[in-house]
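Here's the structure, in structure tokens; my notes come after.
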Amino acid sequence: MFAIDKLAITGGKPVRKKLLKYGGQWIEKDDIRAVMNILKSDFLTTGPSVAEFEQMLAEYVGAPYAVAFSSGTAALHAACCMAGIGPGDEVITTSLTFAASANCILYCGASPVFADIDENTYNIDPASIESKITNKTKAILPVHFAGQPVDLSAIMDIAARHGLIVIEDAAHALGAEYGSQKIGSGGNMACFSFHPVKHITTGEGGAVTTHDAALYEKLVQFRSHGIIRDPGSLTLQSGAWYHEMQFLGYNYRLTDFQAALGISQFRKVDRFLGLRREYAALYTEAFKDMRELSLPSQSPASLSSWHLYTIRLNTRCLNADRREIYDALWKENIGVNVHYLPVYLHPYYKQLGYETGLCPKAEQLYEELLTLPLFPRMSRKDVNDVITALKKVLHYYSKL
Ligand SMILES: *Cc1c(COP(=O)(O)O)cnc(C)c1O
């Protein structure tokens, strides 16, 4: 038996005085200097910093092309639209993801079809994808949940057999590896996000990486209203002022001061990833024998970028549900979070006709999931506070 400290939620002393958030950026002096330099330069937007940032991303993931966008959501929209997804098409995506992974399908006038998850990895289950294919299916949009790569070879195999496009939502997966290749280096379009909780940040921002030169040109054009200036691609030869809008695009450009922040942040990507991996390993070591929870299994063939550290509560062993555990941890000043409500359970999606029960494994998992704080700027002391608080709370509510 061990003595159980009184929980903060019942009037005891919290494990820490100051709230620890679940994620956040790390901006240093050099990042600020990089942004200031651009603010004093000639180009706030459409200048050289964007191309430099794109080059860094392409080299890092090992793809020939990268196109920067104003957000990860804009990148997903561009990828779907330039893949030719449109009204009448179905696109299969995972149920356990942020709304953006499915919203981008709706933006194109197509229908998201939600596949269930694999209970071991929490990633989209290839068998569920296969079962949802119809003659309207046009693409598969898998998400590397929490930074753990999906089973890409199984998904590519399904796509090849049915003639489908694959668009990866790699918002969690900068630096993740699948079969010793970085995510984003494959033959598909992969979409990244540079929101402050992601691996590196540009404030808001995103990008698509691709191997396809024609798609690359289209993505650049889509980012600026569908307008083109390159004389070789114009339908009419006219004066030097002449440009053409050839299809309906958007203004989805990243600014140069954001790109400058991205360039400065990119220099630290391996340090940031190393810290995420180190902290994740400390959590795993601390929790691996606790029967009150389980951890997503990690495939030996891949390397997670650890965007999120999620635990699954084993509610059979607890006298409390996820909500009580969540509230108790917040009172200990540990800002746990929940990722994600299955997308189709949002009121907007329900109103479109999606119903509870569609993906039972994702729905069950959602009831039991918690995301622990994990970001490079936290200290080892912060990691220990999370471990102490989680053990304190789970031991208090444990039936074992
Ligand atoms: C962050 C995120 C995105 C993109 O979000 P933006 O905030 O638009 O950059 C897309 N999909 C997932 C799974 C995400 O976590």
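Whatever order the structure lists them in is the order used to number ligands and atoms, beginning at 1.
- Among S153, S302, S299, the one residue that satisfies the side chain to side chain donor-acceptor pair (under 3.5 Å) test with Y178 is S153.
- Note: H77 and Y252 meet the aromatic proximity criterion, with ring centroids under 6.0 Å apart.
- If you check the side chains of D382 and S379, you find a donor sitting under 3.5 Å from an acceptor.
- Aromatic rings from Y366 and Y340 are positioned such that their centres are separated by 6.0 Å or more.
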N/O pairs closer than 3.5 Å, ligand 1 and protein:
| from | atom 1 | to | atom 2 | distance (Å) |
| --- | --- | --- | --- | --- |
| ligand 1 | 8 (O) | G72 | N | 3.4 |
| ligand 1 | 8 (O) | T73 | N | 2.9 |
| ligand 1 | 8 (O) | T73 | OG1 | 2.5 |
| ligand 1 | 9 (O) | G72 | N | 2.8 |
| ligand 1 | 9 (O) | S193 | OG | 2.7 |
| ligand 1 | 11 (N) | D169 | OD1 | 3.4 |
| ligand 1 | 11 (N) | D169 | OD2 | 2.7 |
| ligand 1 | 15 (O) | H172 | NE2 | 2.8 |
| ligand 1 | 15 (O) | K198 | NZ | 3.1 |
| ligand 1 | 15 (O) | Y340 | OH | 3.4 |

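- For residues 284-305, the pairs satisfying salt bridge (charged side-chain N to carboxylate O under 4.0 Å, His left out) are E285-K288, with sequence neighbours left out.
- For the residue pair H162/E130, the side-chain donor-acceptor check at 3.5 Å is satisfied.
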